[in-house]
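Encoded as structure tokens, the structure appears first; notes follow it.
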Amino acid sequence: KPSFAKYKVYIYASLVYLILAMAMFPSIVFHPAVVANGRNGGDLYQNLWDLWWVKYALLHGKNIFYTNLIFWPVGANLVYQTMTPIAAVISIPFQSISTVFAFNVLFFLTYILCGITMFLLADHILRNKYAAFIAGLAFSFSAFRIAISLGELDLSNLEWMPLALLFFMLVAEESIKQNKKTLIYASAGLGISLMLIAFMSTIEMLVIAFDMLFVVLIFYLASKEHRHSVLNIRFWEGIAIAVFVMFITGIWGFLPIIHTLLASPSSSAVNFLNSVKNNEVWSDDLLSFFLPSFYNGIFNTISLSYFRIYALDISERVSYISYTIIALSIYAIYKRKKATLLWLAIAVIFGWLSLGPYLQVDGTVTSLPGIFLLYHYIPLLNIVREPDRFDLIVTIATSLLAAMGVKELLESKKAGGSGSVAEDAHKKGVSSNQFLIVLIVTALFIIENNSFQTNQLLVSYTSTHVVVPKLYYELKNIKGNFSILQLPSIAVLNSPAPELFDGMEMYFASISGKPTIGGYVTRGNDTMMLSVYNIPLALQSTLIAEGMPNMYMSPVTQNPANETLMTLFNYQTNFVIILRNAYNATQLSKLMNYTTSIFGNPVYIGNYTIAYETANAIKASIFKSYVAYPYLPSWIPETTALNGSSQIAWIPETNNSEFGSIAVYAPYSTNSSLSKALSGLAGTVNTTISFKAFTNYGTAKVYVARMYNSSLQTLAMFNVTSTPSNYSLKAALASGPHGNMLLFGVPQNYTSMNHIVFFENITFSKA
């Protein structure tokens, strides 16, 4: 009995938080194994795959931070992936029902944990469990947290942030006491909380946690009341212990991150999409703090009238504080003044950061800069590319301010209390007036900050019926090691959810158990994407989904079908699958006509998918024609005006390599067989290399060279003028699978004179 009495308040609070969460998402509660939280977007399917992948990797002895089951055969570094490995481990028992079910269990669990950890923080500060309950409610069910958690497990797990703040404050408090054991416990708690932020949320959130703790530290240093608690050796010993514990408990994750960061090309992945322009997309509109959320089941129809403030990305731009919270906060500031300064300062600082590089008002970006513009240029800190994430700290601060206001109401004479409510409750229980205050505040808050699925629009925006086409279960039963190409496999940019089909591709691959050529990672790199772009069919299928004409931009003029077949041969791809829902009827017909012309008739037609087998087409084509792969990062496309019309010409990248590279595979000779070509014994093929070239002014030289045994072998040198002209040379190219690396460039003495040489229509044919 004593044990239950000690913890029953937390149990009751947890039940309230859970019941409220379940009431808001009935479509998930009634179908937990097939309906997932979140809109039908790429992030949802990515998160489902993440849970499956961690389980698969652990059970098969794989490195959880690398996989070649997506972006096959290159694979993907998952260090920057938002996959919450600890949450994934917790989900493993529930995945026996379904991955979707496990995902939903974790989703509802976050409402309990966010509420309880905020409860603990507020209770420590206020010593009032009824006010602390309101703080937990305000944090867990804030409009910001509800919006940002939909379909994104890493952004649901925000529960460790209040706990980190609680332990930081405890370290400061215990540093001036004589109980060293308690200080060690508080320091260890801080370290573990920070580790959990990193690996149950994201590294971005860990950076934001450090930002928050830094502001608290500065406040303590500036405060005479708190200064002595951080200006002593014991405090810094505690911080050192916390950092040590954080690193040791998370060494399995921090070491891969450090290793990746030290790798030379890592900066491009770290800063992927991190530009001021993109920062603006993920910034709060000033009005969003004061206008009810789009996801609010009561005010949703009203919110449609100011939908423009959510433009581009709804879930990343909801920051409604609620007038209940604002009123309680103002009351607390009026009554407690000095005690509220820290939380008021935090709310203002991080609220300002969340507004992004330039202030946005009513959907319009103004020219008024914000402090995030400075933050954006601070190394390491600037991995936070979404300013709206700072709303998390605003929510913590405003929840505490509101709880302070509730405490003042509860302890007022009008509420029937003459002293500490905690003491009153211990002696005789809470009064009816006090209970009524808590009930009214709860009701008002839920009215303002709910996500009740009151109409079909909200059901579609807050939950997704996850359907796995039957074909993927059948592929699982086909023996052998082979990969799959799913179309579209490149983001459909003019779609409301550009990465939807990329995310589906990943999740469906977890069902089939076969590697897939594309995928969707949080921060990618050029090598991964080139593994997909090397397949003309992959690009063309996306262009068709976007309603664009078939075109495969390349400095090489060759049959793109041959390049598709060669790449699929190299990738060991047995099946090409079309997702029917990605295309309208006209687009689907167009894509099927093109795909059928390459592979023949489909071998499977279902309600959701159409499948083609590749073996016969590859066997009929492989090494019977020239196939050329330009390394696209070494070529710059440029629109030029020639003969009164605009066209694309290509410039060799001169900043780094001073040449554009092309890997050329020559067909086997007339007297050679495919088996000889595959074994590399097919000899050489005399080849004519032709191209059109011209310079921006005057005369310049260009060369064509071959990389041979790690050395550069010049094949020919030409003088080119500003008039486009055709050039050709002959060379003996190796036949078969080994390929030939050809380089098209401009000598250094010409590049230093700002001569630009354009190439077009590079072709290869038997001499």
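From a predicted model like this one, the values you see are computed outputs, not experimental measurements.
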Does the ring centre of F199 sit less than 6.0 Å away from the ring centre of F254? yes
Contacts of type side chain to side chain donor-acceptor pair (under 3.5 Å), residue D50, not counting sequence neighbours: Q81
Could you check whether any side-chain N or O of N157 sits under 3.5 Å from a backbone N or O of M200, counting only pairs where one atom can act as donor and the other as acceptor? yes
Ion pair E237/R234, N-O distance below 4.0 Å: no
Check whether F133 forms a cation-pi arrangement with K129 (NZ or CZ under 6.0 Å from the six-membered ring centre, at most 45° off the ring normal). no
Using only atom types and a distance under 3.5 Å, with no angle test, would you say the side chain of R308 pairs donor to acceptor with the backbone of G363? no
Pairing donors with acceptors under 3.5 angstrom, does anything connect the side chains of S229 and S175? no
Is a donor on one side and an acceptor on the other found under 3.5 Å between the side chain of N179 and the backbone of T182? yes
Identify the heavy atoms of A332 and L401 that sit nearest to each other, and give their distance. CB-O, 3.3 Å
K407 side-chain N/O to N128 backbone N/O, donor-acceptor pair under 3.5 Å: no
N296 and N449: side chain donor to acceptor below 3.5 Å: no
Considering residues, nucleotides and ligands other than F307, do more than 12 of their heavy atoms fall under 6.0 Å from its CZ? yes
Y306 atom OH, neighbour heavy-atom count above 12 within 6.0 Å: yes
Criterion ring-ring contact (aromatic ring centres under 6.0 Å, His included) on F107 and F25, from CA distance to verdict: CA-CA 11 Å; F107 173 69; F25 302 101; 5.2 Å; yes
So, T202 versus T82: side-chain donor-acceptor pair below 3.5 Å or not? no
Worked check of side chain to side chain contact (heavy atoms under 4.5 Å, CB included) between L400 and F139: CA-CA 9 Å; L400 288 172; F139 178 66; over 6 Å; no
Tell me, with the steps shown, if F294 and F299 meet ring-ring contact (aromatic ring centres under 6.0 Å, His included). CA-CA 8 Å; F294 167 82; F299 300 113; over 10 Å; no
Would you find more than 12 non-hydrogen atoms of other residues, nucleotides or ligands less than 6.0 Å from K338 atom NZ? no
Is the backbone N or O of E152 less than 3.5 Å from a side-chain atom of S156, with the two atoms forming a donor-acceptor pair by type? yes
Go through it in stages, so that I can follow the logic: the residues are F390 and Y375, the test is ring-ring contact (aromatic ring centres under 6.0 Å, His included), and I'd like the CA-CA distance, side-chain angles, deciding distance and then a yes or no. CA-CA 12 Å; F390 291 107; Y375 187 94; 5.3 Å; yes
Compute the ring centroids of Y10 and F119, then answer whether they are less than 6.0 Å apart. yes
Verify, without hydrogens or angle tests, whether N37 (side chain) and S463 (backbone) share a donor-acceptor contact under 3.5 angstrom. no
Could you tell me if R145 sits above the aromatic ring of Y111, with its cationic atom closer than 6.0 Å to the ring centre and no more than 45 degrees from the axis? yes
Polar side chain donor-acceptor pair, E173 to H226, under 3.5 angstrom: no
Is the F445-F141 ring centre distance short of 6.0 angstrom? no
Steps toward side chain to side chain contact (heavy atoms under 4.5 Å, CB included) verdict (M118, L137): CA-CA 8 Å; M118 192 66 204; L137 181 78; over 6 Å; no
Is the gap between the ring centers of F372 and Y358 under 6.0 Å? no
Say whether, by atom type as modelled, one donor and one acceptor occur between the side chain of W282 and the main chain of R389 under 3.5 angstrom. no
Just by distance, with hydrogens left out, do T110 and E159 show a side-chain donor and acceptor under 3.5 Å apart? no
Answer yes or no for R317 and Y310: cation-pi contact, defined as NZ/CZ to six-membered ring centre under 6.0 Å and angle to ring axis within 45°. no
Does Y323 OH have over 12 foreign heavy atoms under 6.0 Å away? yes
Taking G136's backbone N and O only, do any of them form a donor-acceptor pair with S140's side chain (distance below 3.5 Å, no angle check)? no
Between N300 (side chain) and G297 (backbone), is there a donor-acceptor pair under 3.5 Å? no
Would you say the side-chain atoms of S288 pair up with the backbone N or O of D284, donor to acceptor, closer than 3.5 Å? no
Residue L439 excluded, over 12 heavy atoms near CG under 6.0 Å: yes
